[in-house]
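Structure record follows, encoded as structure tokens.
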Amino acid sequence: MSFRSHMDLALAEARAAAARGEVPVGAVVSAPGGAVVATAGNRTRERADPTAHAEILALREACRAAGSERLPGYALTVTLEPCPMCAAAIAAARIARLYYGAEDPKSGGVAHGPRIFAHPQAHHAPEVYGGIAAEEAEALLRAFFAGLR
């Protein structure tokens, strides 16, 4: 099995989220063989749901498709470092690999802040690969927030 990044698809989901007025974050879950099983972009405003982050929505869809609350061997690709809530969900789902784009020093929960996967109470820690297409992900976020000011 060779590695195939799904960051382009995650970035497309982030752009679609921005077009809906949502913070531009996109996520993709891929099965152990690399096939995409779920995609999502943020929908917190649309759904009036603070848990409707791209990662959570993609994990929910992937779990439904798998018929299980756990996704061992699966990978999650997301445009922004997951927040603590999403990092905890990633651990609970037993995601094998996490690929993310931009770092989030203010609200991140993986490389910054509480570093959920390093916490002694974390039941699972995926392999983590950051900085994938970080410049493009950061540009989407900067443009979105500049438009709000």
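Along the sequence shown, residues are numbered consecutively beginning with 1. A quick note: this is a predicted structure, and the numbers were derived from the prediction, not measured.
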How long is the straight-line distance from [atom2] of [Y] back to [atom1] of [X], given to the nearest 0.5 Å?
X    : Y    : atom1 : atom2 : value
L140 : E135 : CG    : CD    : 12.5 Å
D104 : C83  : CG    : SG    : 8.5 Å
H6   : S30  : NE2   : OG    : 4.0 Å
E61  : T39  : CD    : OG1   : 5.5 Å
H53  : L57  : NE2   : CG    : 9.0 Å

* Asked: Between R94 and A92, is there a donor-acceptor pair closer than 3.5 Å when you use the side chain of the first and the backbone of the second?
  -> yes

* Verify, without hydrogens or angle tests, whether R45 (side chain) and G21 (backbone) share a donor-acceptor contact under 3.5 angstrom. => yes

[X] with [Y], same ILVMFWY side-chain cluster at under 4.5 Å:
X   : Y    : result
V78 : I90  : yes
L9  : V25  : no
L80 : I132 : no
L76 : L11  : no

For the student: nearest non-hydrogen atoms of [X] and [Y], plus distance:
X    : Y   : answer
R15  : D8  : NH2-O, 4.3 Å
P72  : P32 : O-CG, 4.0 Å
S107 : P84 : O-CD, 3.4 Å
A133 : M7  : CB-CG, 3.6 Å
A58  : A40 : N-CB, 3.7 Å
V23  : A17 : O-CB, 3.8 Å

* Which residue pairs satisfy the side-chain hydrogen bond (donor to acceptor under 3.5 Å, both in side chains) criterion with at least one member in residues 67-86, sequence neighbours excluded? -> E81-H112

* Asked: Taking it one step at a time, do E136 and L141 satisfy side-chain contact (heavy atoms from CB on, under 4.5 Å)?
  -> CA-CA 9 Å; E136 188 171 352; L141 289 160; over 6 Å; no

* Asked: Should E22 and R43 count as an ion pair when the cut-off is N to O under 4.0 Å?
  -> no

* Asked: Can you tell me if N42 and T44 form a side-chain donor-acceptor pair at under 3.5 Å?
  -> no

* To do: Return each pair, listed once, that meets ring pair (Phe, Tyr, Trp, His ring centres under 6.0 Å) where at least one residue sits in residues 117-142; pairs must be two or more places apart or across chains.
  => Y99-Y129

* **Min side-chain heavy-atom separation I116-V110 under 4.5 Å** => no

* Worked check of side-chain contact (heavy atoms from CB on, under 4.5 Å) between L59 and L71 -> CA-CA 9 Å; L59 288 171; L71 301 167; 4.1 Å; yes

* Under the side-chain contact (heavy atoms from CB on, under 4.5 Å) rule, what do I56 and M85 come out as? Steps first, then yes or no, please. => CA-CA 9 Å; I56 299 294; M85 173 185 70; 4.1 Å; yes

